[in-house]
Amino acid sequence: MSTVSPGFTGRRRGGNDLPPGQYLTHEFPVLSAGPTPHIQPEHWEFTVANEAGELTKWDWKSFTSLPSETITKDLHCVTRWSKLGTEWRGVSLDLLLADVETAADFVMVHSYGGYTTNLPLEDLLDGQAWVAYEYDGEPLHPEHGGPARLLVPHLYLWKSAKWVRGLILSDTEDLGFWETAGYHEYGDPWKEQRYAGD
Ligand SMILES: Nc1nc2c(c(=O)[nH]1)N[C@H]1C(S)=C(S)[C@@H](COP(=O)(O)O)O[C@H]1N2
Ligand SMILES: [Mo]
């Protein structure tokens, strides 16, 4: 039998890598809710505000001087495409948040251009999230979020804010751009949390 059923195309490395309702693509689709902002690295800043309003900031030079990691992860978009084994370089949020004093539970991520998305703070920690600035060994293309984007691959890809400019830590959960529009407030692809109430 040489016929391979479509359901098996996502099975690799001996595991089931494709969350329910997803299909595999080798393309890298661009999904942006508005125009691509073009931010020159010399004008880029990344700011973390804690719940007391205290700011921690990096400019491009200080950010790219931080120790970075190579990250190989699968991406899952709520529009049902998944792309496996993508390779990035970025700075871990564990490192960026290490000296930030906080007891907050929630984060609103803000992007150049106005996009927002919300997450529990714990989903940014313990090796689960990065601010990525290279894709496939090249500087991150503006369409995919360059100079730098958030990468939170264990959640649907709308949480991985492109053109990221900062985080606001908060004791209360507010909803971001897609979450306000009816998408799930958390967005676990393995639980198929696509829309509010899923
Ligand atoms: N700033 C910003 N970030 C964003 C978006 C956006 O519209 N603006 N779209 C999100 C969605 S819905 C997806 S699926 C991914 C797509 O990333 P890509 O265009 O690199 O594939 O970016 C996410 N991050
Ligand atoms: Mo998306």
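Each ligand, and each atom within it, is numbered from 1 in the order the structure gives.
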Heavy atom under 4.0 Å from ligand 1: found in Tyr183's side chain, backbone, both, or neither?
neither
What part of Tyr156 sits under 4.0 Å from ligand 1 if we count only heavy atoms: the side chain, the backbone, both or neither?
neither
Distance-only donor-acceptor check, side chains [X] and [Y], under 3.5 Å:
{"X": "Ser160", "Y": "Trp158", "result": "no"}
{"X": "Thr117", "Y": "Glu179", "result": "yes"}
{"X": "Lys162", "Y": "Ser32", "result": "yes"}
{"X": "Glu27", "Y": "Trp81", "result": "no"}
{"X": "Thr116", "Y": "His110", "result": "no"}
{"X": "Arg165", "Y": "Ser111", "result": "no"}

Show which atoms of ligand 1 fall inside a sub-4.0 Å distance from at least one heavy-atom site of [X].
{"X": "Trp81", "answer": "21 (O)"}
{"X": "Trp163", "answer": "1 (N), 2 (C), 8 (N)"}
{"X": "Ala161", "answer": "3 (N), 24 (N)"}
{"X": "Ser111", "answer": "1 (N)"}

Considering non-hydrogen atoms of the protein only, which is the closest contact for [atom], and what is the distance?
{"atom": "atom 11 (C) of ligand 1", "value": "Trp158 CA, 3.6 Å"}
{"atom": "atom 23 (C) of ligand 1", "value": "Leu157 O, 3.4 Å"}
{"atom": "atom 24 (N) of ligand 1", "value": "Ser160 O, 3.2 Å"}
{"atom": "atom 17 (O) of ligand 1", "value": "Arg149 NH2, 3.1 Å"}
{"atom": "atom 14 (S) of ligand 1", "value": "Cys77 SG, 3.2 Å"}
{"atom": "atom 7 (O) of ligand 1", "value": "Ala33 N, 2.6 Å"}

Determine, for Lys159 against Glu185, whether the closest basic-nitrogen to carboxylate-oxygen distance falls under 4.0 angstrom.
no
Quick check: [X] and ligand 1, any N/O pair under 3.5 Å apart?
{"X": "Trp178", "value": "no"}
{"X": "Lys162", "value": "yes"}
{"X": "Pro29", "value": "yes"}
{"X": "Tyr112", "value": "no"}

Which atom of Asp123 lies closest to which atom of Ala129, heavy atoms considered
O-CB, 4.1 Å
Geometric class of the Tyr133/Phe63 ring pair [parallel <30°, tilted 30-60°, perpendicular >60°]
perpendicular
Using 30° and 60° as the class boundaries, would you call the ring planes of Trp44 and Trp60 parallel, tilted or perpendicular?
perpendicular
Nearest neighbour of atom 16 (C) of ligand 1 from the list Leu31, Leu75, Val30, on a heavy-atom basis:
Leu31
Verdict with supporting geometry, Thr180 and Trp178, side chain to side chain donor-acceptor pair (under 3.5 Å)
CA-CA 5 Å; Thr180 303; Trp178 285 119; over 6 Å; no
